[in-house]
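Worksheet: the structure to be examined is printed underneath.
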Amino acid sequence: MSSEKRFNRDIHVKFKFCSVLCLVLIGMGQGQLIINVKNQGGDIVQETIYANATDDTITLEFQRSDGTLVTQLIDFRNEVQILKSLILGEEERGQSQYQVMCFIFHFPKNSFISSDAMSKLRQKNPSTVRTPEEDHGRLNHTMDYSVVLKHSHVISPFIKDICAEAGQASYTRYEDIMKWSNIHGIPTASYLPAIKRFPTTPDYINSDISYESSPIGLANCTDIKKMWTPCLCHLEQCIGWYPCELKYCKGKAPISSYRCGIKTCKICHLFVYYIAQKQQCLWDE
């Protein structure tokens, strides 16, 4: 594919991807930050972070240098994180224009500053290239269940819309289902309509098989040669900069302390998940 055709396609996909969300961000304005971040390869990535204190959510999105569009949505009320990836296809290798995946997992509330605090942040020197103060390394996630979008509201009301283009590629973990069940006091069985096990994944909810002893029984895509064979795909997504904590400074009596800034962090997520054909995971080679 010529560079001109790829550029035109990338622009079309990017516009399609953010046409609704970006208009909301621009129209509402308040609580939005645009941050320039240098990634591991030295490229400058522009992150847009928007806080909605009413919904108690934070949305962070950016485009990687390879064209991948990443959206992170944090639902604080339900302790849910959605990490959505839109990956451009390699048309010369038989892929469609792009594919979308959603990874849905538990989010500890203290891992990001609150939506209320985020909405009150104001930006100084917007052209400055930011670097995180702390690197949290990489978390590994084996996504052993898919999410049924029409019933996903039991997990989070935001999944259905943000993952609309990932109807067959939205994933979660049984261990996260258990966490949400305990947090909200909802029977685990109530989540059954919202999840679907993969062909090789044991049904943990309806059996005595322990999670730890029953990983998905498939080979990695890197070990498979046939393009139409099911396998385990690996995808890493890194959030290069985000406000992970509030900083407090000591004040004079009667004020003992006050908010005086933010601590910033970086974190990577490595997802392992089932795909029906290796053709859907060409980057994992």
Practice task
Go through the steps to decide whether Q237 and R64 satisfy the test side-chain contact (heavy atoms from CB on, under 4.5 Å), and finish with yes or no.
Solution key: CA-CA 10 Å; Q237 297 293 16; R64 296 192 341 183; 2.9 Å; yes

Exercise for the section: Decide side-chain contact (heavy atoms from CB on, under 4.5 Å) for C163 and L149; before the verdict, give the C-alpha distance in whole Å, the side-chain angles of both, and the deciding distance to 0.1 Å. Expected result: CA-CA 8 Å; C163 299; L149 296 187; 4.0 Å; yes

Practice task
May I ask you to test the Q46-I34 pair for a side-chain heavy-atom distance under 4.5 Å?
Solution key: yes

Handout entry: Close side-chain approach of M118 and L33, heavy atoms under 4.5 Å
Key = yes

Exercise for the section: State, with a plain yes or no, whether a side-chain heavy atom of K266 is found less than 4.5 Å away from one of V37. Expected result: no

Problem - Side chain to side chain, I267 and Y242, heavy atoms closer than 4.5 Å - result: yes

Exercise for the section: Answer yes or no: is the gap between the SG atoms of C281 and C221 smaller than 2.5 Å? Expected result: no

Handout entry: Side chains of H184 and N78 in contact at under 4.5 Å (non-hydrogen atoms)
Key = yes

Exercise for the section: Please check if the distance between the ring centroids of F107 and F76 is under 6.0 Å. Expected result: yes

Exercise for the section: Would you indicate whether the side-chain heavy atoms of L235 and S85 approach each other to under 4.5 Å? Expected result: yes

Exercise for the section: Decide yes or no for I155 and Y191: does some side-chain heavy atom of the first lie under 4.5 Å from some side-chain heavy atom of the second? Expected result: yes

Handout entry: D56 CG to S119 OG distance, which is reported to the nearest 0.5 Å
Key = 10.0 Å

Fill in the blank from the handout: In terms of heavy-atom contacts, D75 and P157 come closest through OD2-CD, 3.8 Å

Practice task
State whether the side chain of T59 and the backbone N or O of L73 hold a donor-acceptor pair below 3.5 Å, judged by distance alone.
Solution key: no

Fill in the blank from the handout: Applying side-chain hydrogen bond (donor to acceptor under 3.5 Å, both in side chains) to H141 and not counting sequence neighbours gives R173, H269

Handout entry: L83 vs F105 side-chain heavy atoms within contact, under 4.5 Å
Key = yes

Handout entry: Verdict with supporting geometry, K278 and K226, side-chain contact (heavy atoms from CB on, under 4.5 Å)
Key = CA-CA 7 Å; K278 181 180 177 177; K226 295 181 180 179; over 6 Å; no

Practice task
May I ask you to decide if H106's main-chain N or O and K179's side chain share a donor-acceptor pair within less than 3.5 Å?
Solution key: no

Handout entry: Distance-minimising heavy-atom pair for V100 and A169
Key = O-CB, 3.5 Å

Exercise for the section: Would you confirm whether D144, through its side chain, and F198, through its main-chain N or O, come within 3.5 Å as a donor-acceptor pair? Expected result: no

Completion exercise
side-chain contact (heavy atoms from CB on, under 4.5 Å) test vs C233 passes for just one of Y274, F271, Y273, namely Y273

Exercise for the section: Say whether, by atom type as modelled, one donor and one acceptor occur between the side chain of S146 and the main chain of S170 under 3.5 angstrom. Expected result: no

Handout entry: Closest non-hydrogen atom pair between Y174 and Y145, with its separation
Key = CB-CE1, 4.1 Å

Handout entry: Shortest non-hydrogen contact between I262 and P243, atoms and distance
Key = CD1-CB, 3.8 Å

Practice task
Indicate whether any N or O donor in one side chain lies under 3.5 Å from an N or O acceptor in the other, for E165 and Y98.
Solution key: yes

Fill in the blank from the handout: In terms of heavy-atom contacts, D135 and G137 come closest through OD1-N, 2.8 Å

Problem - Between T222 and N220: side-chain donor-acceptor atoms closer than 3.5 Å - result: no

Exercise for the section: Determine whether the side chains of N52 and T57 contain a donor N or O and an acceptor N or O closer than 3.5 Å. Expected result: no

Completion exercise
Nearest heavy-atom approach of I239 to F62 is CD1-CE2, 3.8 Å

Exercise for the section: Could you tell me whether the side chain of T142 and the main chain of V272 form a donor-acceptor pair under 3.5 Å? Expected result: no

Problem - Spatial distance of atom SG (C102) from atom CD1 (I162) [nearest 0.5 Å] - result: 6.0 Å

Practice task
Check the side chains of H234 and E236 for a donor-acceptor pair under 3.5 angstrom, ignoring hydrogens and angles.
Solution key: no

Handout entry: Short side-chain to backbone donor-acceptor contact, Q277 and M227, under 3.5 Å
Key = no

Exercise for the section: Give a yes or no answer on whether the side chain of W180 reaches the backbone of E79 with a donor-acceptor pair at less than 3.5 Å. Expected result: yes

Handout entry: Over 12 foreign heavy atoms within 6.0 Å of NZ, K160
Key = no

